[in-house]
Protein chains: 2
Amino acid sequence: MGPGRRPRDTDHRGVDVRRTQEERKADTRARLLAAATELFAAHGVDAVSVDAVAEAAGRTSGAVYAHFGSKQGLVLALLDERKGSVLTVLQAEVAVTDSPASQLAAVWANVAGTGGEDARWDLLEQELWLRAARDPEVADVVRARNAESRRYSARRLEGWTAAAGARPAADPDGLAVLVRALLTGLAQQRRLDPGAVPDDLALAGLAALVGLAGPPAPSTATTRTTTSTNRPRRGAPGHRAVRS
Amino acid sequence: MGPGRRPRDTDHRGVDVRRTQEERKADTRARLLAAATELFAAHGVDAVSVDAVAEAAGRTSGAVYAHFGSKQGLVLALLDERKGSVLTVLQAEVAVTDSPASQLAAVWANVAGTGGEDARWDLLEQELWLRAARDPEVADVVRARNAESRRYSARRLEGWTAAAGARPAADPDGLAVLVRALLTGLAQQRRLDPGAVPDDLALAGLAALVGLAGPPAPSTATTRTTTSTNRPRRGAPGHRAVRS
DNA sequence: GTCTATAGAGTGATAGAC
DNA sequence: GTCTATCACTCTATAGAC
């Protein structure tokens with residue numbers, strides 16, 4: 001074999017250099033977006049520095065600016081990325097054979113979900129809605145996302161109500177708006193005070209909107225917390241910022 | 001008359017010194033809170049510096065720290081201040097003689113209001129809810145506010161439904177949660193895309209929750225905007241931060 | 001395309017005079 | 001109680017080496 005240095009697998013920083021530049025570029029972009037999603041969702045956009053995102057992705061801030069131009073660009077790209085994903089509120093694995101009531105239950109369970117990864121993303125989504133109110137550029141992207149989500153939800157709801165012979169509170173498009181509003185509003189209150197929004201209450205509200213005759217609902221099934229449930233969040237790390 | 005300097009009405013900075021220190025202290029506190037409300041609501045808490053608040057109140061940042069200890073303390077004091085005020089969502093000037101339907105209309109009008117001062121405060125309220133999700137200290141205050149608001153709303157709703165012989169989707173306390181959720185959710189979507197949430201849609205949703213037989217609802221009364229209504233916000237000042 | 005290094009600006013908070 | 005002055009620190013974004 002010739003004496004030439006055989007090509008190394010990594011450069012001096014351990015970065016894989018075997019693949020094409022295009023592959024590495026896409027990889028870095030994906031890493032940055034994933035890190036940004038995680039950190040922004042956990043701590044809020046303003047509380048996370050560009051350096052922190054880059055570091056979490058195994059890169060430096062320079063890479064962020066090469067890819068997205070600015071922190072704002074990163075936020076917008078992140079919104080765009082998640083567009084094709086599980087963005088719609090009415091996304092839930094429901095069997096078409098289930099009763100409309102249990103399908104609603106599945107939707108709610110999806111929104112109020114165990115509080116895993118979805119809950120964090122939900123928090124970020126809320127923040128972006130807020131940001132959209134003050135930043136037209138963000139507003140455009142969120143509006144587009146929302147319109148797409150609404151179309152999907154409307155079709156879905158149309159099928160359900162037709163099949164169940166329900167008398168919904170509005171036409172499918174309007175009903176999609178109402179259902180989304182109720183779901184996000186309930187999720188918001190539930191984040192603050194879980195006891196205030198028992199599952200059966202949420203289901204009763206949804207049933208009323210879509211026009212299903214709700215069951216009498218025991219309604220006292222869960223104690224209403226309201227006062228200092230106030231879990232001190234043991235183990236939560238100082239909760240103030242992730243900086244470089 | 002004696003030759004002594006007569007007491008001046010203001011000191012070298014134009015600050016009134018006739019009143020007692022206690023009065024001036026209260027005045028400064030009120031000024032700071034008013035300025036903070038205005039600026040935080042308009043631009044977001046993180047985008048407004050302590051110096052900017054102090055300057056808008058005709059004081060300096062030192063005064064803020066003397067009164068509230070920290071920026072966070074200012075935010076909390078602001079929440080507390082607004083507690084006794086018009087904080088409840090169901091606050092609306094309605095005549096008891098009005099029909100339940102028109103009372104709901106008044107409530108919605110109050111929430112979706114012309115977009116004046118209330119709309120700005122609403123934005124701040126949203127931000128504080130979001131902040132509460134990450135900061136237990138803020139969460140406590142917001143939770144207390146919310147509980148009080150819910151009690152008030154529940155009593156009010158109880159009266160309405162009883163008088164109208166409606167069949168609400170839940171008991172008064174639960175109904176208060178549902179109505180609040182729908183209202184805030186609709187307000188949120190309306191901020192982003194006003195055309196997506198026509199008044200009659202909101203009213204139909206509310207009627208469904210409280211159990212009033214909603215009118216057939218023309219429902220096509222307003223064009224659904226969805227796409228680029230996107231008013232470029234003429235006259236809005238750069239919208240990025242109010243710093244010192 | 002990614003890094004290092006740094007400019008340039010701004011922040012929250014504190015000490016001490018008045 | 002309020003102000004002035006300043007500390008110690010952080011941020012975003014850019015320039016140039018590799």
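Values below: every heavy atom of this structure, side chains too, minus hydrogens, waters and symmetry copies. In what follows, chains are A, B, ... by sequence order, proteins preceding strands, each numbered from 1.
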Atom pairs under 3.5 Å: protein N/O with N/O of nucleotides 13-16 of chain C:
from, atom 1, to, atom 2, distance (Å)
C:dA13, OP2, B:Y65, OH, 3.0
C:dA13, OP2, B:K71, N, 3.0

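The pair A:E125-A:R82 does not count as a salt bridge, with every side-chain nitrogen at least 4.0 angstrom from each carboxylate oxygen. Taking 4.0 Å as the cut-off between side-chain N and carboxylate O, A:R131 and A:D46 count as a salt-bridged pair. A salt bridge does not link B:D173 with B:R151: every distance from a Lys NZ or Arg NE/NH1/NH2 to an Asp or Glu carboxylate oxygen is 4.0 Å or more. Salt-bridge annotation for B:R190 and B:D199: present, with a side-chain N of the basic residue lying under 4.0 Å from a carboxylate O of the acidic one.
Residue B:H67 contributes atom NE2, which lies 8 Å from atom C1' of D:dT2 at whole-angstrom precision. When rounded to the nearest whole Å, the span between CG of A:L32 and P of C:dG1 equals 13 Å. Rounding to whole angstrom units, CD of residue B:E55 and C1' of D:dT2 are separated by 16 Å. Atom P of nucleotide D:dT12 and atom CG of B:D46 are separated by 12 Å, given to the nearest angstrom. Counting to the nearest Å, the P atom of C:dG1 and the CZ atom of A:F68 are 12 Å from each other. Going from atom CZ of B:R59 over to atom P of D:dT2 covers 6 Å, rounded to whole Å.
Under the rule for a side-chain hydrogen bond (donor to acceptor under 3.5 Å, both in side chains), B:W129 has no partner lying at least two apart in sequence or in another chain. Under the salt bridge (Lys or Arg N to Asp or Glu O under 4.0 Å) criterion, A:R31 pairs with A:D27, not counting sequence neighbours.
The side chain of A:T60 places no N or O atom within less than 4.0 Å of a non-bridging phosphate oxygen (OP1 or OP2) of C:dT2.
Residue contacts for B:A63: at a heavy-atom cut-off of 4.0 Å it reaches the sugar-phosphate backbone alone, with no base atom in range.
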